[in-house]
Asks: 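Supplied in structure tokens, the structure appears directly below.
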Amino acid sequence: MRALLQNIREKPEHHKRSVAFGLSLVLTFVVALGWLGQKSLFDGSPSVAKNAKTEAKKQTASAIDSAPSPLESSKKSVSSGLNEVKEAYENLKESLADVLVPFITGIEVYERK
């Protein structure tokens, strides 16, 4: 990916603009396709869309009732993130100890003559 970006950066300005225009067209197409899919224009059946909306509302209401509060969710997220950082630090500390302790203890100290 970096090589591709570097390759594009080295191209002339008109080439960069055409790549940017192409990417914006693709992104616009993807967004429009998603929007059309949500509007159920592909199947052409408005009753199916109404039933899907009603079912979605029921599922959303039941999910809201059973969902934890935002504060609890944030606490869990921060806690799990800190635990992962702590675990990574412990792994780093162990790996450095495995490398540096034998290296440092193997160094002989010479006296200057």
Asks: Excluding sequence neighbours, so at least two apart, what forms side chain to side chain contact (heavy atoms under 4.5 Å, CB included) with Lys76?
Replies: none

Asks: If hydrophobic clusters are built by linking Ile, Leu, Val, Met, Phe, Trp and Tyr wherever their side-chain heavy atoms come under 4.5 Å apart, do Val19 and Leu5 end up in the same one?
Replies: no

Asks: Taking ILVMFWY side chains as joined if any heavy atoms are under 4.5 angstrom apart, and letting links pass through other members, which residues group with Leu25?
Replies: Phe21

Asks: Flag the pair Leu27 / Leu23 as yes when at least one side-chain heavy-atom distance between them is below 4.5 Å, and no otherwise.
Replies: no

Asks: Lys86: what forms a side chain to side chain contact (heavy atoms under 4.5 Å, CB included) with it, not counting sequence neighbours?
Replies: none

Asks: Using side-chain contact (heavy atoms from CB on, under 4.5 Å), reason through Glu13 and Lys16 one step at a time and then give a plain yes or no.
Replies: CA-CA 5 Å; Glu13 190 65 30; Lys16 293 179 199 176; 4.1 Å; yes

Asks: List the residues meeting side chain to side chain contact (heavy atoms under 4.5 Å, CB included) with Lys11, not counting sequence neighbours, and say none if there are none.
Replies: Asn7, His15

Asks: Residues two or more places apart in sequence or in another chain: which of them pass salt bridge (charged side-chain N to carboxylate O under 4.0 Å, His left out) with Glu90?
Replies: Lys93

Asks: Taking side chain to side chain contact (heavy atoms under 4.5 Å, CB included) as the definition, give me every residue that meets it alongside Glu87, ordered by chain and number, with sequence neighbours left out.
Replies: Asn91

Asks: Give me the other members of the hydrophobic cluster that Val78 sits in, counting Ile, Leu, Val, Met, Phe, Trp and Tyr linked by side-chain heavy atoms under 4.5 Å, directly or via other members.
Replies: Leu82

